[in-house]
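The structure appears below as structure tokens.
Lettering of chains follows the sequences in order, A, B, ..., and the numbering in each one begins at 1. Excluded from the calculations below are hydrogen atoms, water molecules and symmetry mates; all remaining heavy atoms, backbone and side chain alike, are included.
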2 protein chains.
Amino acid sequence: MKMTTKGRYAVTAMLDIALHDSKGSVNLADIAKRQDISLTYLEQLFSKLKRHKLVESVRGPGGGYRLALAADAITIAKIIYSVDESIDVTRCKGKQNCQGNLRCLTHDLWMELNMNISRFLNGLTLSDLIKRNNVKHVSERQDVALLQLQS
Amino acid sequence: MKMTTKGRYAVTAMLDIALHDSKGSVNLADIAKRQDISLTYLEQLFSKLKRHKLVESVRGPGGGYRLALAADAITIAKIIYSVDESIDVTRCKGKQNCQGNLRCLTHDLWMELNMNISRFLNGLTLSDLIKRNNVKHVSERQDVALLQLQS
DNA sequence: TACATAACCTAGTATTTTAGTCAAGTATTT
DNA sequence: AAATACTTGACTAAAATACTAGGTTATGTA
Ligand code: FES
Ligand code: FES
């Protein structure tokens, strides 16, 4: 599995949008400030998220991004997949050809681990996360911090 | 999580020893040939595995490595941990300080994923893997290949 | 219509990590 | 003594990652 800041940023940003969805659309500059992520880096991630139809964009002043699906239809797995290409832990990418075109000794082990991780990430949606108290608290803290920044 | 060839090689090599344990000790040169791993790279990994007391070494002619514990006492998690340092997917390494010393929006999500992966890898031992048919088959294939190589 | 805003796009680069090599050891058995 | 086998640490090429720079294009508003 590739679990890098790229995937983490993507989930964080998507969660940020889901939390501020009431405002119609959320612009990347705000996300960048709230979540402490470089704006231009976010732009790259959102180009992928859009390509995978997880978000829609609104151009021009007052524009931004909004979820393309309901929050309970967007799984964490989909988000990570969209920016990281895969959450695969095998070496062969499922092709069973690690060892000179043949299956290596541990192929099935990694496949099982894949399934385990997938089951977890596929079973969890943005709407699940929004409901959590720890997420609510952190989000409120971030909103306050942004307001202070702007004043 | 860092799931790289380093961790995969370590598990593969440990499994190889477990499978050939009847011979007392297994030397790295044989593992290198059977599993297609660079010998000098294996040496590095085994220095770590020894430091973590997962294997014992037997020096001199006929020497090699053998498991320091029973196969059913060595979990896959321990092996990966020994060479990769961690199977952690958080960004903060558990310290809750991603965002200027505070917890980020997704910290708890990654902690949950950590638990999920740990549960799986801690619940699986070398002895579990040895029993599997697919492992047996691949191992037999490798033994035959090594004999042909030596003749 | 000008202009500000914000998405969109293409390169490029600094840093880090990975996977692996090399060389000069030390220890143990035969 | 000689052969075998493990030990250690420094070193390196290549890849991936995280991030920056510098634009262009669309759109709402004054
Ligand atoms: S991981 Fe699939 S063949 Fe080795
Ligand atoms: S992952 Fe722990 S604070 Fe962000």
Side-chain angles (χ1 to χ4, degrees), chain A residues 1-13 17 20 23-33 35-68 80 83-89 91 93 98 150, chain B residues 1-13 17 23-33 35-66 68 80 83-86 88-89 91 93 98:
Chain A
M1 183 176 56
K2 269 183 287 183
M3 194 61 252
T4 65
T5 60
K6 208 195 291 187
R8 288 193 208 99
Y9 279 175
V11 175
T12 303
I17 294 186
H20 299 88
K23 302 193 185 65
S25 70
V26 183
N27 71 58
L28 292 190
D30 282 352
I31 301 180
K33 280 179 225 145
Q35 308 303 335
D36 244 335
I37 305 176
S38 137
L39 172 59
T40 41
Y41 197 44
L42 269 182
E43 286 174 347
Q44 284 179 47
L45 300 182
F46 273 80
S47 130
K48 293 186 183 180
L49 291 170
K50 189 183 177 186
R51 212 175 307 145
H52 285 84
K53 306 220 191 291
L54 294 185
V55 293
E56 287 167 352
S57 62
V58 183
R59 302 188 101 179
Y65 286 95
R66 62 165 167 256
L67 303 183
I80 295 175
V83 297
D84 262 353
E85 316 288 333
S86 100
I87 49 172
D88 184 16
V89 299
R91 189 189 188 194
K93 310 289 169 208
C98 264
Q150 287 171 339
Chain B
M1 183 176 56
K2 269 184 289 184
M3 193 61 250
T4 64
T5 60
K6 207 194 291 185
R8 289 194 208 100
Y9 280 173
V11 174
T12 304
I17 293 185
K23 301 191 186 67
S25 70
V26 184
N27 71 56
L28 292 189
D30 281 353
I31 300 180
K33 280 181 223 142
Q35 307 304 336
D36 243 336
I37 304 176
S38 140
L39 173 59
T40 43
Y41 198 43
L42 269 182
E43 286 173 346
Q44 279 182 51
L45 300 183
F46 272 80
S47 130
K48 295 187 182 184
L49 291 169
K50 192 183 177 186
R51 211 175 307 147
H52 285 84
K53 306 218 189 294
L54 294 185
V55 292
E56 286 166 354
S57 62
V58 183
R59 307 188 98 175
Y65 285 96
R66 63 164 168 255
I80 295 177
V83 297
D84 263 352
E85 317 287 333
S86 100
D88 183 17
V89 299
R91 190 188 189 194
K93 310 289 171 209
C98 261

Checking contacts here: which listed nucleotide ([options]) is nearest the side-chain heavy atoms of [X]?
X: B:P61; options: D:dC6, C:dT29, D:dT8; answer: C:dT29
X: B:S47; options: D:dT8, D:dA18, C:dC22; answer: D:dT8
X: B:Y65; options: D:dC6, C:dA7, D:dA18; answer: D:dC6
X: A:S57; options: D:dT7, C:dC8, D:dT20; answer: C:dC8
X: A:R59; options: D:dC6, C:dA19, D:dT25; answer: D:dT25

Would you say a side-chain N or O of [X] is under 4.0 Å from OP1 or OP2 of [N]?
X: B:Y9; N: C:dG20; result: yes
X: A:T4; N: D:dA16; result: no
X: A:T5; N: D:dA18; result: yes
X: A:K50; N: C:dC8; result: yes

Is the side chain of B:S57 donor-acceptor paired with the backbone N or O of B:R59 at a distance under 3.5 Å, no angle test?
no

Are [X] and [Y] side-chain neighbours, meaning at least one heavy-atom pair lies under 4.5 Å?
X: B:R91; Y: A:Y9; answer: yes
X: A:H52; Y: A:V83; answer: no
X: B:K48; Y: B:L54; answer: no

Could you give the [atom1]-to-[atom2] distance, from [X] to [N], as a whole number of Å?
X: A:K48; N: C:dC8; atom1: NZ; atom2: P; value: 15 Å
X: B:M3; N: C:dT17; atom1: CE; atom2: P; value: 17 Å
X: A:N27; N: D:dA26; atom1: CG; atom2: P; value: 20 Å
X: A:Y41; N: C:dC9; atom1: OH; atom2: P; value: 18 Å
X: B:L45; N: C:dT18; atom1: CG; atom2: P; value: 13 Å
X: A:Q44; N: C:dT10; atom1: CD; atom2: C1'; value: 10 Å
X: B:K6; N: C:dG20; atom1: NZ; atom2: C1'; value: 11 Å
X: B:L49; N: D:dC6; atom1: CG; atom2: C1'; value: 14 Å

Counter-base of C:dT30, judged by Watson-Crick or G-U geometry with both distances under 3.5 Å
D:dA1

Let's test your reading of the model: under 3.5 Å, does the base of D:dT20 pair with the side chain of A:E43 as donor and acceptor?
no

May I have the step-by-step check of side-chain contact (heavy atoms from CB on, under 4.5 Å) for B:F46 and B:I31, ending in yes or no?
CA-CA 12 Å; B:F46 272 80; B:I31 300 180; 4.2 Å; yes

